[in-house]
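Working notes, beginning with the structure itself.
Start at 1 and go down the list; that is how both ligands and their atoms are numbered. Worth knowing before you read on, the calculation uses all heavy atoms, side chains too, and leaves out hydrogens, waters and symmetry mates.
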Amino acid sequence: MKKKALVLIHGFPFDSSMWDEQKAFLKNFCDVHAPDLPGFGESKISACSSIEDFAKFIKQYVEEEKLGRVILCGFSMGGYIAFAFYEMFPQFVEALIFADTRAKDDSPEGKKGRDLAIRNAEICGTDFFVENMPEKLLSKENLENDLILSKVKSIISKQKKESIINALIAMRERKDRSFLLQKIDIPSLFICGEKDILSTPEEMREMSEAVKNSRFEIVKDAGHLSNIENSSQFNTILLDFLK
Ligand code: MLT
């Protein structure tokens with residue numbers, strides 16, 4: 001029997017290698033796809049400056065790979081893209097997984113933060129994000145874990161300044177898609193690191209409660225990067241859902 005296709009959409013400022021542990025673990029159970037978004041990782045095209053354009057890229061990928069209806073899993077910025085994809089192309093989605101993300105747009109405060117981040121990218125380049133993002137992304141404990149910290153810094157250091165700026169513009173301009181929560185009528189899963197300070201467990205639980213028949217799971221001992229910080233629990237949650 002043909003295995004179901006799972007498409008993993010990475011976050012910011014990362015690339016598909018953030019999913020290495022999931023790709024290795026899930027490959028026997030489903031047909032796992034983790035494309036590099038435009039501008040990131042090995043991608044040869046420029047980064048999009050709108051979330052809708054990132055979603056169109058995923059649609060093109062799904063069509064070119066002839067995947068049919070997919071299980072779409074988005075982490076953080078990848079979750080913003082998954083919401084947009086579901087709004088624009090629901091006929092391509094069989095189930096949805098949202099990890100450490102939100103349906104809402106940026107608050108006025110959040111938009112100011114994006115402007116500042118864009119300025120920092122223009123002045124200091126990618127290094128600014130290598131040095132300053134880990135403390136927001138990882139739990140205090142994992143910030144002390146050399147293996148995790150060096151993996152996170154190494155992925156960020158490979159990303160281009162121009163792509164970082166475009167993605168920041170895309171996130172700043174994205175629209176509020178909370179209205180979609182009531183409309184989701186396919187199986188869905190919401191996952192959140194218990195110590196995530198960027199998209200908190202409370203916020204993600206609320207989103208999950210707004211969706212019919214959805215599942216909400218907390219990843220222990222993890223901050224925002226739940227799939228890297230506690231990959232074994234994250235993988236088990238994913239596999240249970242896929243089954
Ligand atoms: C991400 O992990 O993709 C980003 O933290 C998302 C964001 O900055 O809103």
(request) Can you spot which of Leu67, Leu6, Ile58, Leu8 makes a side chain to side chain contact (heavy atoms under 4.5 Å, CB included) with His33? (result)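 Result: among Leu67, Leu6, Ile58, Leu8, Leu67 is the only option passing the side chain to side chain contact (heavy atoms under 4.5 Å, CB included) with His33.
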(request) Taking the six-membered ring of Tyr80 (Phe, Tyr or Trp), confirm whether the NZ or CZ of Arg174 is under 6.0 Å from its centre and within 45° of its axis. (result)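 The answer is yes, since Arg174 meets both limits relative to Tyr80.
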Hey, could you give me the [atom1]/[atom2] distance between [X] and [Y], rounded to the nearest 0.5 Å?
X      : Y      : atom1 : atom2 : answer
Leu137 : Asn142 : CG    : CG    : 11.5 Å
Leu149 : Glu144 : CG    : CD    : 9.0 Å
Leu181 : Phe83  : CG    : CZ    : 5.0 Å

May I have the N/O to N/O pairs between ligand 1 and the protein that fall below 3.5 Å, each with atom names and distance to one decimal?
from: ligand 1; atom 1: 2 (O); to: Phe12; atom 2: O; distance (Å): 3.4
from: ligand 1; atom 1: 2 (O); to: Ser76; atom 2: OG; distance (Å): 2.9
from: ligand 1; atom 1: 2 (O); to: His224; atom 2: NE2; distance (Å): 3.0
from: ligand 1; atom 1: 3 (O); to: Phe12; atom 2: N; distance (Å): 2.7
from: ligand 1; atom 1: 3 (O); to: Ser76; atom 2: OG; distance (Å): 3.1
from: ligand 1; atom 1: 3 (O); to: Met77; atom 2: N; distance (Å): 2.9
from: ligand 1; atom 1: 8 (O); to: Arg114; atom 2: NH1; distance (Å): 2.8
from: ligand 1; atom 1: 9 (O); to: Tyr80; atom 2: OH; distance (Å): 2.5
from: ligand 1; atom 1: 9 (O); to: Arg114; atom 2: NH2; distance (Å): 2.8

(request) Give a yes or no on this: more than 12 heavy atoms of other residues, nucleotides or ligands lie within 6.0 Å of atom NZ of Lys4. (result)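 It does not: Lys4 NZ has 12 such atoms or fewer within range.
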